[in-house]
Asks: 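The structure follows.
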There are 2 protein chains.
Amino acid sequence: MTRKRPPKRRSGCPVNAALEMLGDSWSLLIVRDLMLFGRKTFREFLASGEGIATNILADRLAKLEANGIVTRQRDPEDARRVRYRLTEKGIALAPVMLEVAVWGATHEKTAAPPESIRRMKDERDRVLTEIRAKWEAEGEGA
Amino acid sequence: MTRKRPPKRRSGCPVNAALEMLGDSWSLLIVRDLMLFGRKTFREFLASGEGIATNILADRLAKLEANGIVTRQRDPEDARRVRYRLTEKGIALAPVMLEVAVWGATHEKTAAPPESIRRMKDERDRVLTEIRAKWEAEGEGA
DNA sequence: CCGGATCCGTTTCGATACTG
DNA sequence: CAGTATCGAAACGGATCCGG
């Protein structure tokens, strides 16, 4: 007689809706790797410097895919390789990512290049445009 | 011989730094309650609709306070009451909050008033100014 | 009543070893 | 390379209790 825990309550608040998917320590870091650092493979995410475990990474990638934030496809050139890519919904997180980076750099001790943070603040729209352009360019080869 | 888990690895990435504090399902919801909904007391957070447990809420408030995002003070009028308030560092999360709300409203099913979301997109700077002004006004009475 | 703290079962996380 | 399997540790969460 294992008593089940009731499902998490859902509110219609968009902030809550977003946090249902992104409210953990790893998901947004994977999105960051894809969006800002050009990482695309399981191994590259693993080497990101934060030390995520393989099972957790696999789990989060599956959830991100299930939520339509990333897509997963085998490399036609090298069948061992799997390439992850942000969807339209995923790249739409760019403004969130920018603001999080700016807040973190402003209020915490970080090793971020001051110049890149300055650009995120002062040339916000331009940086966003560049991120999207880069993402679209990468999509060409897919 | 209880083997302890090694401490979480820290990278200098500002996104990671921010997620150390905000990378869970509840912390940002509490900030939202303070920032957007004018909630200030333990009881009001509890009634927020998402059903947080009292022990979790107490834990998150303590962490947010330890991280300098909220302050805590007893109500001089009613000694039973405790008022929480965003710090400068906390109100600086407004741009993050806005972008999260916009993303959630755009890509998930939510009950957010379309008009308020439209304003967050089209009149971003004005909305941010209003949030800060309201926060400063509330501070007067403290 | 308000703002928690404690207890304790359930669930998730996470390090490591292992597999296709 | 890209993941599973395992299993102990830690976090969560519901109920309940407590000091003011």
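Residue numbers start from 1 in every chain, and the chains themselves are labelled A, B, ... in the order their sequence lines are given, proteins ahead of strands. Everything numeric in this text was worked out from a predicted model, so none of it was measured.
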Asks: Are side-chain heavy atoms of A/Val82 and A/Asp75 found at a separation under 4.5 Å?
Replies: no
Asks: Using whole Å, report how far CD1 of A/Ile56 lies from P of D/dA2.
Replies: 18 Å
Asks: How many Å lie between CZ on A/Arg60 and P on C/dT12, as a whole number?
Replies: 10 Å
Asks: Which of these passes side chain to side chain contact (heavy atoms under 4.5 Å, CB included) with B/Ser48: B/Asp33, B/Leu29, B/Ile30?
Replies: B/Asp33
Asks: Can you tell me the distance, in whole Å, between the CG atom of B/Leu61 and the C1' atom of C/dC2?
Replies: 14 Å
Asks: Here's a test of your reading of the structure: between A/Arg74 and B/Ile52, which maps to the more 5' nucleotide of DNA chain D?
Replies: A/Arg74
Asks: How many whole angstroms separate atom CZ of B/Arg9 from atom C1' of C/dA15?
Replies: 12 Å
Asks: When you compare the side chain of B/Trp103 with that of A/Met21, does any pair of heavy atoms fall below 4.5 Å?
Replies: yes
Asks: Spell out protein contact along nucleotides 15-20 of chain D as letters: B when the base is contacted, S when just the sugar-phosphate is, - when no protein heavy atom is under 4.0 Å; keep the 5' to 3' order.
Replies: B----B
Asks: With a 4.5 Å limit on heavy-atom distance, are the side chains of A/Val100 and B/Glu99 in contact?
Replies: no
Asks: It should be established whether B/Tyr84 places a side-chain nitrogen or oxygen under 4.0 Å from OP1 or OP2 of nucleotide C/dC2.
Replies: no
Asks: To the nearest 0.5 Å, what is the distance between CG on A/Leu34 and CZ on A/Arg83?
Replies: 10.0 Å
Asks: Give the rounded distance in Å between these two atoms: CG of A/Asp75 and P of D/dG3.
Replies: 13 Å
Asks: Where along residues 27-46 of chain B does a heavy atom fall under 4.0 Å from DNA chain C?
Replies: B/Thr41, B/Phe42, B/Arg43
Asks: Do B/Lys40 and B/Tyr84 come close enough that some side-chain heavy atom pair is under 4.5 Å?
Replies: no
Asks: Measure the distance from CG on B/Asp59 to C1' on D/dA11 and round it to the nearest whole Å.
Replies: 9 Å
Asks: Give a yes/no on whether any side-chain N or O of A/Trp26 is located under 4.0 angstrom from OP1 or OP2 of C/dG14.
Replies: yes
Asks: Rounded to the nearest Å, what distance is computed from the CD atom of residue B/Glu50 to the C1' atom of nucleotide D/dC12?
Replies: 16 Å
Asks: What is the distance, rounded to the nearest whole Å, between atom CZ of B/Arg5 and atom P of C/dC13?
Replies: 10 Å
Asks: I'd like to know if A/Arg32 pairs up with A/Glu50 as an ion pair, taking the criterion as any Lys NZ or Arg NE/NH1/NH2 lying under 4.0 Å from an Asp or Glu carboxylate oxygen.
Replies: yes
Asks: Between A/Glu108 and B/Lys89, does any NZ, NE, NH1 or NH2 come within less than 4.0 Å of an OD or OE carboxylate oxygen?
Replies: yes
Asks: Are A/Lys134 and A/Glu130 side-chain neighbours, meaning at least one heavy-atom pair lies under 4.5 Å?
Replies: no
